[in-house]
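Inspection log for the structure reproduced underneath, given as structure tokens.
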Amino acid sequence: MWAFGYLAFLLAAAWIAASSPIAFQKANVVTPSTPRGVPDLIVSTPLDADKVVGDIPYRGGEVWAVKPSAKYEATILGGSGNCATKTLGLAHYLGENGIDYQIIDLMHSGTFLAGIGHTLMRVAYRHNGQERVGLIDMLEGGLPTDGERYFDVADLTDGAIPNAKVDPLNERKDDHARYFGAFLDGVVIGYRSAADVNRYHGFVDSIYVPLGHEKLEKYVYDGVSLIFGYLPSLQVTEYERMLEDIGPTIYLHRFALWTLRSALVVFPLMFVIGWRQHHSARREQVAAGSIRP
């Protein structure tokens, strides 16, 4: 009887994950940053921002590719995608070239689980012959500025920046800075480390088999990465504020994740128990002479 109860919990967990895959993933990767705040980068060879971002043939279109090299080809070489996919495409390039980085997520508590927000790349880069650590807005194809000063993540913590613009690196882009005005009011900052993202990319590469549909592949491989602990942690600098509007929902999705993870132990255990019971019953029948050995 307990097996039927467990299967009911498992089906409920699978339904929660499948019905809201974005919320399921985001609820289970958000964690308090340790130490509090965004740490320094390991600076070595800087990214040639003028060349890499300047060569992107910006165009419209969604990108669902989950295989890192395919996402890089679609976003950085092909020019499609949104802020998140373009940033992950650049992350593949940086990881392949041994350049440290952080993916910065700008979020609001009430819309975080719906996947609404903005994503930036934080990296050491070279622009016009000068090197600095700062932010690249991959959606806008440029470097956010406040007047003559280029942004770093600390500039995003005090609300709207009235004089914000984006210094375009790409001839296809302008100086619009839509995410650095009122959007910053009440924003919560999170980051994903290069180590976590590179590890996730390596895991996806190691298990990837084409399924014939990129959107399905995205949900399947990200779901598998989450269950096995490879989806990158989103470390949030103001974790308590992030939970203000979504606390109960987060715990529902976390319960669903641990229920699904438990199947990795429970199903093999059920198989072993069933196998032992079958062979024990067979030995008893042989001893009683009802069947031949």
Are the aromatic ring centres of Phe151 and Phe180 under 6.0 angstrom apart? yes
Starting from the C-alpha separation in whole Å, work towards a yes-or-no answer on side chain to side chain donor-acceptor pair (under 3.5 Å) for Asp137 and His118. CA-CA 9 Å; Asp137 190 327; His118 189 48; 3.1 Å; yes
Is there a side-chain contact between Leu120 and Thr87, using heavy atoms and a 4.5 Å cut-off? no
Between Tyr251 and Leu243, the two heavy atoms sitting closest are OH-CD1, 4.0 Å
Looking only at heavy atoms, what is the nearest atom pair of Arg122 and Leu41, with distance? O-CD1, 3.8 Å
Search all heavy atoms of Val187 against all heavy atoms of Glu238 and return the closest pair with its distance. O-OE2, 4.4 Å
Quick check for you: to the nearest 0.5 Å, what is the distance between Leu226 atom CG and Leu231 atom CG? 5.5 Å
Might you point out which heavy atoms bring Ala49 and Tyr125 nearest each other, and give the distance in Å? CB-CB, 4.1 Å
Donor-acceptor pair, Asp175 side chain versus Asp167 backbone, under 3.5 Å? no
Is any side-chain N of the basic residue among Asp196 and Arg199 closer than 4.0 Å to the acidic one's carboxylate O? no
Look up atom CG in Asp100 and atom CD1 in Ile42, then write down how far apart they are to the nearest 0.5 Å. 5.0 Å
Pairing donors with acceptors under 3.5 angstrom, does anything connect the side chains of Tyr191 and Gln235? yes
Please confirm whether the backbone N or O of Ala154 pairs with a side-chain atom of Asp152, one donor and one acceptor, at under 3.5 Å? no
Residues Arg149 and Asp155 bridged, charged N to O under 4.0 Å: yes
Cation-aromatic face contact Arg132/Tyr150, 6.0 Å, 45 degrees: yes
Ser20 side chain to Phe24 main-chain N or O, any donor-acceptor pair under 3.5 Å? no
Looking at every heavy atom in both Ala91 and Val197, which two are closest together, and how far apart are they? CB-CG1, 4.2 Å
Quick one: CG on Leu169 to CG on Asn128, what's the gap to the nearest 0.5 Å? 8.5 Å
Within the structure provided, determine whether Val123 and Val133 are in side-chain contact (heavy-atom separation under 4.5 Å). no
Salt bridge between Arg178 and Glu140, side-chain N to carboxylate O under 4.0 Å? yes
Hey, what do you get for CE (Met242) to CG (Leu113), rounding to the nearest 0.5 Å? 8.5 Å
Taking CG in Leu211 as the centre, count heavy atoms belonging to other residues, nucleotides or ligands within less than 6.0 Å. Is the count above 12? yes
When you check the side-chain N and O atoms of Asp245 and His108, is any donor under 3.5 Å from an acceptor? no
What heavy-atom pair brings Asn170 and Ile56 nearest, and what distance separates the two atoms? ND2-O, 2.7 Å
Between Ser80 (side chain) and Gly60 (backbone), is there a donor-acceptor pair under 3.5 Å? yes
The reported gap from OH in Tyr101 to CZ in Arg192 (rounded to nearest 0.5 angstrom) is 9.5 Å
I'd like to know if the side chain of Thr119 pairs up with that of Asp105 as donor and acceptor (distance under 3.5 Å, no hydrogens or angles considered). yes
Does a side-chain heavy-atom distance below 4.5 Å link Val166 with Leu143? no
Between the side chains of Asp222 and Ser225, does any donor sit under 3.5 Å from an acceptor? no
Between Arg126 and Asp50, does at least one N-O distance fall below 4.0 Å, as a salt bridge requires? no
Can you find a heavy atom in the side chain of Gln102 that is under 4.5 Å from one in the side chain of Val38? yes
Between Asp205 and Tyr200, do the side chains contain a donor N or O and an acceptor N or O under 3.5 Å apart? no
Approximate separation, where rounding is to 0.5 Å, of Leu47 CG and His127 NE2: 12.0 Å
Just by distance, do the side chain of Lys71 and the backbone of Leu90 share a donor-acceptor pair under 3.5 Å? no
Taking His253's backbone N and O only, do any of them form a donor-acceptor pair with Asn28's side chain (distance below 3.5 Å, no angle check)? yes
